[in-house]
Number of protein chains: 2
Amino acid sequence: MRYSATHKQETRDKLIDSSRAIAKKGGFDSTGVDALMSAIGLTGGAFYSHFGSKGELFAALVEREIDNSNEMLAGGPDSPPDHVAKCLRSYLSTFHVLHPEAGCALTTLGPEIARSTPQVRAKVEKSMKKMQKNWTERLDGDSDKAWGLLAQCIGAIVMARVVESERTRQEILASSRRVVEKMHRG
Amino acid sequence: MRYSATHKQETRDKLIDSSRAIAKKGGFDSTGVDALMSAIGLTGGAFYSHFGSKGELFAALVEREIDNSNEMLAGGPDSPPDHVAKCLRSYLSTFHVLHPEAGCALTTLGPEIARSTPQVRAKVEKSMKKMQKNWTERLDGDSDKAWGLLAQCIGAIVMARVVESERTRQEILASSRRVVEKMHRG
DNA sequence: GTCTATAGCATGATAGAC
DNA sequence: GTCTATCATGCTATAGAC
């Protein structure tokens, strides 16, 4: 064959990673297969050598997205004691608000995931519960606080992105940072 | 003319209200003009007697959506002292999670609003600031708490909708209710 | 104001050449 | 595995009859 043994897997990986960013920035439904493929230098026809349908890509994309989030937010056993605090700060950053393509999928694809298949939602749920349990341990067993901090962060980013002025954006972020700090300590 | 003087305004109103629910349930971009019109018993061609483009409907729809939210959440001067507490409870309800078409637009159209025009975002911002100021007054001037409660609520609904099991949905809602109660009092 | 018909384009998906 | 070509359908928007 004209292609190396690992070529297919590499192309698939590139497609998923590229599509993750594109979907988070412009929406998944709103983006065509041609656009997703041309973003990695291929044409639309080649898509179906990798996925049976556009929906299958969405499932793969969300799965990688949550794996990535878990890695970033849950952290390993060697994480510093202020791991949660560091996560909260970087999550509630201006950079995160201005770069949805590099950020948390729940703030951009949340509604599309909610409309997706039970299989997709089941994987998201599993990942979120893992996240929440990990944080609960780091928060002296306070499971409400773990869910609460996650909700606080997600809501703040959604709000900060729907407003127009930079001033209000910063106001929302600053308030939310103070609120999570208070929640985190109290 | 064959139509009454108020007919156009009535049709426009019906279209906006019908489209609000449809967009919140299935997404605005994902829904065609034909579907929006046939939902009120008309054909697609008639759409352009009311709006110059699909985007103009989105702007009108979001504007009514935020007017509605302000009316529900801000309340008037004759609202009871536990107005905020009542709002939080009804917002963080199972009904809200299961009926996006009747709920808060930020939890469903947030990402689409974020990608929309500056004009749309400016109106959303104005409405949110009004909301937040109103709640700040009801919360003894604590503006952080007002922003924080809003973020907490929005994030909790988004999270509750992306999970599959009813158990986890209830767990998220219950935790969030306890968190906002603690925030509200503390 | 609403209808049907249609332009013009984009979409998701398939077929066959290489 | 990727290409081009294509099918069938969907879309936004317009034109003209009523």
Could you check how far [atom1] of [X] sits from [atom2] of [N], rounded to whole Å?
{"X": "Leu57(A)", "N": "dA13(C)", "atom1": "CG", "atom2": "P", "result": "11 Å"}
{"X": "Glu56(A)", "N": "dG12(C)", "atom1": "CD", "atom2": "P", "result": "14 Å"}
{"X": "Gln9(A)", "N": "dT2(D)", "atom1": "CD", "atom2": "P", "result": "12 Å"}
{"X": "Lys54(B)", "N": "dC11(D)", "atom1": "NZ", "atom2": "P", "result": "8 Å"}

Worksheet item: Heavy-atom contacts under 4.0 Å between residues 22-40 of chain A and DNA chain D, which residues?
Response: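 None - not one residue of the stretch has a heavy atom sitting under 4.0 Å from the strand.
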
Item to complete: Mind running a 4.0 Å heavy-atom check of residues 108-119 of chain A against DNA chain D and sending the residues that fall below it, in number order?
Response: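 The stretch gives none, as no residue of it lies under 4.0 Å from the strand.
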
Worksheet item: If you fit an axis to the five pairs at each end of the helix from dG1(C)-dC18(D) to dC18(C)-dG1(D), how big is the angle between those two axes, to 10 degrees?
Response: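 Rounded value for the end-axis angle: 0°.
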
Could you go through residues 179-186 of chain B and list every donor-acceptor pair under 3.5 Å that involves a side-chain atom there, pairing it with any protein atom two or more places apart or in another chain?
from      : atom 1 : to        : atom 2 : distance (Å)
Glu181(B) : OE2    : Arg185(B) : NH1    : 3.4

Hey, is the side chain of [X] poking within less than 4.0 Å of OP1 or OP2 on [N], counting only N and O atoms?
{"X": "Tyr48(B)", "N": "dA13(D)", "answer": "yes"}
{"X": "Ser53(B)", "N": "dT12(D)", "answer": "no"}
{"X": "Thr43(B)", "N": "dC3(C)", "answer": "yes"}
{"X": "Thr11(B)", "N": "dG1(C)", "answer": "no"}

By side chain to side chain donor-acceptor pair (under 3.5 Å), which residues pair with [X], not counting sequence neighbours?
{"X": "Glu125(B)", "result": "Ser165(A), Thr168(A)"}
{"X": "Asp17(A)", "result": "Arg20(A), Arg64(A)"}
{"X": "Lys123(A)", "result": "Glu63(A)"}
{"X": "Thr11(B)", "result": "His7(B)"}

Distance-only criterion, 3.5 Å: show the donor-acceptor pairs between side-chain atoms of residues 51-58 of chain B and protein atoms not counting sequence neighbours.
from     : atom 1 : to       : atom 2 : distance (Å)
Ser53(B) : OG     : Gly55(B) : N      : 3.4
Ser53(B) : OG     : Glu56(B) : N      : 3.4
Lys54(B) : NZ     : Phe28(B) : O      : 3.0
Lys54(B) : NZ     : Asp29(B) : O      : 3.4
Lys54(B) : NZ     : Thr31(B) : O      : 2.7
Glu56(B) : OE1    : Gly52(B) : N      : 3.0

Can you sort out the partners of [X] under side-chain contact (heavy atoms from CB on, under 4.5 Å), two or more places apart, ordered by chain and number?
{"X": "Ala59(A)", "result": "Val120(A)"}
{"X": "Ser49(B)", "result": "none"}
{"X": "Arg169(B)", "result": "Val97(B), Leu98(B), Ala160(B), Val163(B), Glu166(B)"}

[X] has a side chain; which of [options] sits nearest to it?
{"X": "Lys8(A)", "options": "dG1(C), dA13(C), dG1(D)", "result": "dG1(D)"}
{"X": "Tyr3(A)", "options": "dC3(D), dT2(C), dG1(D)", "result": "dG1(D)"}
{"X": "Leu42(B)", "options": "dG1(C), dC3(C), dT2(D)", "result": "dC3(C)"}
{"X": "His50(B)", "options": "dG1(D), dC3(D), dT2(C)", "result": "dT2(C)"}

Worksheet entry | Which atom of Trp135(A) lies closest to which atom of Cys87(A), heavy atoms considered |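 In this case the closest contact between Trp135(A) and Cys87(A) is CZ2-CB, 3.9 Å.
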
Fill in: Which atom of Leu149(B) lies closest to which atom of Leu139(B), heavy atoms considered
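Nearest pair, atom of Leu149(B) first, then Leu139(B): CD1-CD1, 3.8 Å.
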
Worksheet entry | Carboxylate-amine/guanidinium proximity below 4.0 Å for Glu65(B) and Lys24(B) |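 The answer is yes: the pair qualifies as a salt bridge.
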
